[in-house]
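We count ligands from 1, going down the list as the structure has it; atoms in each ligand are counted the same way.
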Amino acid sequence: MISFRSPLVRFLLLAIVLVGLYGLVHVNYDAASDFISSGRKRLEPYRRPVSYQPGEPKPVKACFAVLARNRDWRSLRESMKQMEDRFNHRFNYPYVFLNDEPFSEEFKNMTQSMTKAEVLYGQIPKEHWSYPQWIDQNKARERRKAMQDDGVMYGGNESYRHMCRFESGLFFKHPLMQQFDFYWRLEPGIQYLCDINYDPFLYMKERKIKYGWTIGIFELMNTVPTLWDSVKKFMKTNPELIPEHNSLWWVSRDNGTTYNGCHFWSNFEIADLSFYRGEAYSKFFDFLDREGGFFYERWGDAPVHSIAAAMFLQKEEVHWFNDIGYLHPGWQHCPSGDAWLKNRCTCDPKDTDKTITNAGWGKCSHEWELLPDTPAQFRKAIVE
Ligand SMILES: Nc1nc2c(ncn2[C@@H]2O[C@H](COP(=O)(O)OP(=O)(O)OP(=O)(O)O)[C@@H](O)[C@H]2O)c(=O)[nH]1
Ligand SMILES: *[C@@H]1O[C@H](CO)[C@@H](O)[C@H](O)[C@H]1NC(C)=O
Ligand SMILES: *[C@@H]1O[C@H](CO)[C@@H](O)[C@H](O)[C@H]1NC(C)=O
Ligand SMILES: *[C@@H]1O[C@H](CO)[C@@H](O)[C@H](O)[C@H]1NC(C)=O
Ligand SMILES: [Mg+2]
């Protein structure tokens, strides 16, 4: 007969109760972390709450950063609808909208009504959306004309250049951005193709990841004819800013002689703002800005961010969010395998018209996975 006075039986009952309580608490935590870390070095299971409320302090001071014009509100509602449904209705990270003009009441109405999270609207200071005094504006105009005649994409477009310069080196200096440590860029007219069941900001912060991406692709080289020459000049004069274990091999496969065009497609990017605010990136952007290529050519923020990440960060500090399905008109990244089913993806990984594959334009993503250490010879070649 079982006696409840027996110390053994009491101990067993207590153990059963404790195990039960442990289970109850853990149902509330997200199992996705284990899933996404498979394939990487397995980390200690991390207990993370599945949701945060609007206005509640988050484990990471982070926001969506959205550069937009007033007329973009309709396609932004599409993007926000996707972001909210796939991710943010549970996490409620705030949105920061920035514009070179004052936002209209209509824009504010039409965007804030898409989320219960906090929304902030800011105007870009004039000096962040105009010509620095060292730029020859006549030369810039002639170069735009020439690039347009040569059929360079957005080659004749002046505002596009201010946009690329702003996104390259200035957005994180806006007063509204100062309260944040991480940002996730959101553009009009994009789609999120799978559920995101965990907090990518927290994922990055825990692992000290500085830069996250989902599409790696080749650049149109006629937009950046002399960018790599400038990068090489910078590397020679600032070798102390380039760590031994960098990822430069991803952007140059010939020991630094040429740029292969690989870049992270920055219309999606999640980054630790301390990367941009730090000494290395600040010096790099100021140097490029002086070189003039944002206006005399059409340097994009994507190659600028990407070359900087390859140059200043170690491979472990850059993360491919392979499990995040994402479409920006032109290309999509569609996860395959278990993630596709589990995260309720709606894209077709075999739709090669849109889906980045291991060949052609998508080769850069694939090469990241196989990236060997940058050869010592490379370093010698660029800094000596
Ligand atoms: N405020 C403001 N935002 C701009 C301007 N030009 C572009 N943007 C924003 O900058 C981001 C990038 O512009 P996009 O037009 O999407 O450029 P893209 O992604 O290279 O090209 P497509 O999307 O293929 O047209 C978007 O968030 C735009 O809303 C501008 O002149 N003013
Ligand atoms: C903003 O929305 C409110 C109610 O939703 C409406 O009354 C108002 O007219 C709207 N304003 C503009 C400029 O769209
Ligand atoms: C310049 O580029 C933007 C895309 O960022 C586009 O919306 C706009 O129509 C272009 N302007 C001209 C004059 O081509
Ligand atoms: C890069 O340098 C290494 C070491 O000297 C050499 O073996 C390799 O062939 C070089 N690669 C290219 C593409 O120049
Ligand atoms: Mg776009």
Quick one: nearest non-hydrogen protein atom to atom 16 (O) of ligand 1, plus distance?
E187 OE1, 3.0 Å
Considering only non-hydrogen protein atoms, determine which one is nearest to atom 6 (N) of ligand 1 and report residue, atom name and distance to 0.1 Å.
R69 NH1, 3.6 Å
NZ or CZ of K363 within 45° of F218 ring axis and under 6.0 Å
no
Proximal ligand 1 atoms for S159, defined as those under 4.0 Å from one of its heavy atoms
31 (O)
Side chain or backbone, does L67 bring an N or O within less than 3.5 Å of an N or O on ligand 1?
yes
Less than 4.0 angstrom from a charged side-chain N to a carboxylate O is my criterion; do D286 and R290 meet it?
no
So, regarding E167 and ligand 1 (criterion: nitrogen or oxygen to nitrogen or oxygen, under 3.5 Å), is there a contact or not?
no
Between D72 and ligand 1, does any nitrogen or oxygen pair lie at a separation below 3.5 Å?
yes
Between the main-chain N or O of D181 and the side-chain N or O of K205, is there a donor-acceptor pair closer than 3.5 Å?
no
C347 and C194: disulfide (SG to SG under 2.5 Å), yes or no, with the steps?
CA-CA 8 Å; C347 49; C194 311; 4.6 Å; no
Heavy-atom donor-acceptor pair, T355 side chain to D348 backbone, under 3.5 Å:
yes
Report the C-alpha separation of C334 and C345 in whole Å, then their side-chain angles, then the decisive distance to 0.1 Å, and conclude whether the disulfide (SG to SG under 2.5 Å) test is met.
CA-CA 8 Å; C334 187; C345 299; 5.6 Å; no
Does one side chain, of E106 or W73, offer a donor that lies under 3.5 Å from an acceptor on the other?
yes
Provide the number and element of each atom of ligand 1 under 4.0 Å from a heavy atom of H328.
19 (O), 22 (P), 23 (O), 24 (O)
Less than 4.0 Å between a side-chain N and a carboxylate O, is that true for K208 and E316?
no
So, for atom 7 (O) of ligand 4, does the protein have a heavy atom nearer than 4.0 Å?
no
Closest non-hydrogen protein atom to atom 20 (O) of ligand 1, residue and atom name please, with distance?
Y160 OH, 2.4 Å
Under-4.0 Å heavy-atom contact with ligand 1, by part of F97 that carries it
neither
Between F312 and F284, how do the two ring planes meet: parallel, tilted or perpendicular, split at 30° and 60°?
perpendicular
Y95 and F64 aromatic ring geometry - parallel, tilted or perpendicular at 30°/60° bounds
tilted
At the 4.0 Å heavy-atom cut-off, does P188 count as touching ligand 1?
yes
Once you measure the plane-to-plane angle for W361 and W331, does it fall in the parallel (<30°), tilted (30-60°) or perpendicular (>60°) bin?
tilted
Look up atom 11 (N) of ligand 4 and tell me if a protein heavy atom lies less than 4.0 Å from it?
yes
Examine R185 against ligand 1 and note whether any of their N/O atoms are separated by less than 3.5 Å.
no
Numbered atoms and elements of ligand 4 in range of R253, under 4.0 angstrom, heavy atoms
13 (C)
Which of the atoms in ligand 1, numbered in the order shown and given with their element, are less than 4.0 Å from a heavy-atom of A68?
1 (N), 2 (C), 3 (N), 29 (O)
Please determine whether a side-chain nitrogen of the Lys or Arg among K116 and E84 lies less than 4.0 Å from a carboxylate oxygen of the Asp or Glu.
no
For D149, is there an ion pair with K145 - N to carboxylate O distance below 4.0 angstrom?
yes
Aromatic Y203 / basic R207 pairing, under 6.0 angstrom, 45° off normal:
yes
Nearest non-hydrogen protein atom to atom 32 (N) of ligand 1, with distance, is D100 OD1, 2.9 Å
Within the 4.0 Å heavy-atom shell around W129, which atoms of ligand 1 are there?
2 (C), 30 (C), 31 (O), 32 (N)
Ligand 1 to N99, heavy atom cutoff 4.0 Å, flagged ligand atoms 1 (N)
Short N-O contact, E56 and K58, less than 4.0 angstrom
no
For atom 7 (C) of ligand 1, the closest protein heavy atom turns out to be M163 CG, 3.6 Å
Which protein heavy atom lies closest to atom 4 (C) of ligand 4, and at what distance to 0.1 Å?
Q377 CB, 3.2 Å
Show the atoms of ligand 1 that are less than 4.0 angstrom away from any heavy atom in Y154.
21 (O), 22 (P), 24 (O), 25 (O)
Listing by chain and number, which protein N, O or S atoms are under 2.8 Å from the Mg ion (ligand 5)?
E187 OE1, H328 NE2
Numbering as shown, the atoms of ligand 4 that approach N255 to under 4.0 Å (heavy-atom distance)
1 (C), 2 (O), 3 (C), 8 (C), 10 (C), 11 (N), 12 (C), 14 (O)
Sub-4.0 Å atoms of ligand 4 with respect to non-hydrogen atoms of D254
13 (C)
Among F172, F294, Y276, whose ring-ring contact (aromatic ring centres under 6.0 Å, His included) with F285 holds?
F294
Before signing off on this row, confirm whether W249 and ligand 4 have an N or O atom pair separated by under 3.5 Å.
no
Would the Y93 and F201 ring centres measure less than 6.0 Å apart?
yes
What do the steps show when you test H333 against N322 for side-chain hydrogen bond (donor to acceptor under 3.5 Å, both in side chains), and what is the final call?
CA-CA 8 Å; H333 170 65; N322 200 348; 3.1 Å; yes
